[in-house]
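First the structure, in the form of structure tokens, and then the observations on it.
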Amino acid sequence: MANLRDIRRRIKSVKSTAQITKAMQLVAASKMKKAQDQATSGRAYADLLNKILVNLKEKTEDISHPLLEEKTEGKDLFLLVATDKGLCGGLNTNLFKKLEAASTKDAGFIAIGRKGAAYISKTGRDLVADFPVSDPAKFADIKPIAKFITEQYLEGGYKRVFVVFTNFVNTISQIPHAEQLLPLSPFTLGEIRGYEGVGGDDEVKEVSAEDSKVGYLFEPSAEEVLETVLPQFINNSIYQMVLEAHASEHSARMVAMKGATDNANGMVKDLTLEYNKVRQAAITNELLEITTAMKALE
Amino acid sequence: MPIHLDIVTPERKEFSAEVEMVEIPGIEGELGVLPNHAALVTSLKPGELRYKLDGKETVLAVGEGIVEVQGSSVAVLTDLAVGDADIDEKIVEEALKRAEDRLKEIPSDEAEEQAALQAVIAKSIAQLQLKRRR
């Protein structure tokens, strides 16, 4: 039987672990709320951008732009949005599984988040670049990434660009998702994205071409406006997906830490029980010794 | 009759209210918008955006983006929109200096890089001008 002091020491250490995990759980919960709010507050921008795109599509019958053209040759490029830190349950594992299913070994990879970069180089894939993104995500962090990807797509001989990230469904469910970013299809431009995201129960405004056909005047020309709108659209798409990934990360961490706290508390309970048993046994033993000694003296 | 002005960045809605008049730095030059303007979409140049609310004029420094005008509403999509109170002169000055130094270093055949730096410079200058006028 373990001795009293050992058990006491273990109880103390498990208790302090529980304290840490509890704190992490609370921090993750507040960060998750922030990421969700951030995604929702960017909604106005996305709606307006969509509206302009729908109108541009009407105006320019045969829009041709390098970012819209399908290529026939080349490899795929993947942007992996993983986390910087661990302790978030199976989030990254599931994400990497998705990446493996969606990609071929010879594709190019770009990582956001340290865990993603580590995974890609560990599995011998071609890591083209990795970018740090602060948390909460700033739009300014995303711009160079979008620019780099666009350059790689236009000049690096890649055929398609995908983004693999974790889509936030709700607090307990996050689903890894692979979304095609480039080439932008002129048919889906301005349409609702193929995944339901943060604040998905908010009413998403369906922008139909009929409602928003205004017959704009484009200055200087529709082509030149398209030239500015498309990069903005790419920036914003990536930004939204990073926000999704952040909200997922924090909610996964929150759930994982809640589990850890519960387990630690359970352990403290078990250990306390054992501690009391050992203490009782020791007292009984002592009494026994005393009585035996008395008996011997009589 | 007022115009509804929305200024949105990807991060949040900066401004949304009924105003009397808006002046926008468009790529083709200053653009004054009064009610019942023709539907128009144009690119935004880094510079100063002014709007008049209750006879009082407010100036914001804006970055690159797109402007959408439709009847009596104006939507400005930009990556930056700040009033003079929110501009930190020191930070902007540093950014401006960095961009200018970098512009001198890079070879002249990298047109895209140069354009990006010039955009940063234009944005910084717009902010500084606004700040210093006060």
Side-chain angles (χ1 to χ4, degrees), chain A residues 34 37-56 58-59 136-144 146-148 150-151 154-155 212-240 242-243, chain B residues 4-16 24-31 33 37-46 63-82 91-92 95 98-99 102 110-117 119-120 123-124:
Chain A
K34 234 179 246 167
D37 288 348
Q38 216 183 342
T40 324
S41 52
R43 185 69 46 77
Y45 188 89
D47 281 346
L48 273 166
L49 207 58
N50 275 349
K51 194 172 152 201
I52 293 173
L53 273 170
V54 170
N55 273 283
L56 267 173
E58 296 289 320
K59 191 84 178 176
K138 283 201 215 74
F139 189 66
D141 291 339
I142 307 298
K143 272 169 105 185
K147 191 164 163 266
F148 181 78
T150 314
E151 268 168 21
L154 292 177
E155 288 148 29
S212 47
K213 222 188 287 170
V214 187
Y216 287 114
L217 222 64
F218 289 101
E219 233 176 74
S221 68
E223 284 74 22
E224 272 176 66
V225 173
L226 193 69
E227 196 74 36
T228 16
V229 172
L230 287 183
Q232 303 267 8
F233 182 76
I234 294 170
N235 284 348
N236 194 53
S237 304
I238 297 178
Y239 180 64
Q240 288 292 333
V242 169
L243 290 184
Chain B
H4 191 84
L5 172 66
D6 280 317
I7 302 175
V8 289
T9 67
E11 283 167 352
R12 62 202 162 110
K13 208 166 201 167
E14 293 288 343
F15 181 84
S16 177
I24 300 158
I27 198 117
E28 299 274 81
E30 285 280 309
L31 184 72
V33 183
H37 195 283
L40 169 87
V41 171
T42 185
S43 309
L44 189 68
K45 209 173 67 181
E64 298 164 289
I66 305 156
V67 185
E68 185 232 24
V69 183
Q70 186 191 332
S72 51
S73 77
V74 178
V76 179
L77 281 77
T78 175
D79 53 358
L80 170 101
V82 281
I91 293 175
V92 179
R98 265 205 311 276
R102 181 94 180 90
E110 287 196 27
E112 212 172 281
E113 179 86 29
Q114 279 192 333
L117 285 171
V120 174
K123 216 152 69 177
S124 310

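All figures in this text were calculated on a predicted structure; none of them were measured in a lab. Chain letters run A, B, ... following the sequence lines, proteins first, then strands; residues in each count from 1.
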Worksheet item: Under the side-chain contact (heavy atoms from CB on, under 4.5 Å) criterion, do B:Asp79 and A:Lys143 qualify, and how do the steps go?
Response: CA-CA 10 Å; B:Asp79 53 358; A:Lys143 272 169 105 185; 2.5 Å; yes
Fill in: A:Tyr239: partners by ring pair (Phe, Tyr, Trp, His ring centres under 6.0 Å), with sequence neighbours left out
A:Phe139
Using non-hydrogen atoms and a 4.5 Å limit, figure out which bit of [X] sits close to chain A: side chain, backbone, both or neither.
X	answer
B:Thr9	backbone
B:Glu28	side chain
B:Leu77	both

Discussion item. Which atoms of A:Lys138 are under 4.5 Å from chain B, going by heavy atoms: the side chain, the backbone, both sets, or neither?
Written reply: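 A:Lys138 touches chain B through backbone and side-chain heavy atoms alike.
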Worksheet entry | Pick from B:Lys13, B:Arg12, B:Glu11 with the largest number of heavy-atom pairs that fall under 4.5 Å of chain A |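 Top option by heavy-atom pairs under 4.5 Å: B:Glu11.
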Discussion item. For the CD1 atom of B:Ile66 and the CZ atom of A:Phe233, what is their distance to the nearest 0.5 Å?
Written reply: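 Going from the CD1 atom of B:Ile66 to the CZ atom of A:Phe233 covers 11.5 Å.
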Item to complete: Search all heavy atoms of B:Gly65 against all heavy atoms of A:Gln232 and return the closest pair with its distance.
Response: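 Looking at all heavy atoms of both residues, the shortest contact is CA-NE2, 3.5 Å.
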Discussion item. For a side-chain contact (heavy atoms from CB on, under 4.5 Å) check, start with the C-alpha distance between A:Thr228 and B:Glu64, then their side-chain angles and the critical distance, and finish with the verdict.
Written reply: CA-CA 9 Å; A:Thr228 16; B:Glu64 298 164 289; over 6 Å; no
Practice prompt. Could you check if a side-chain atom of A:Val229 sits within less than 4.5 angstrom of a side-chain atom of B:Val41, using non-hydrogen atoms only?
Written response: no
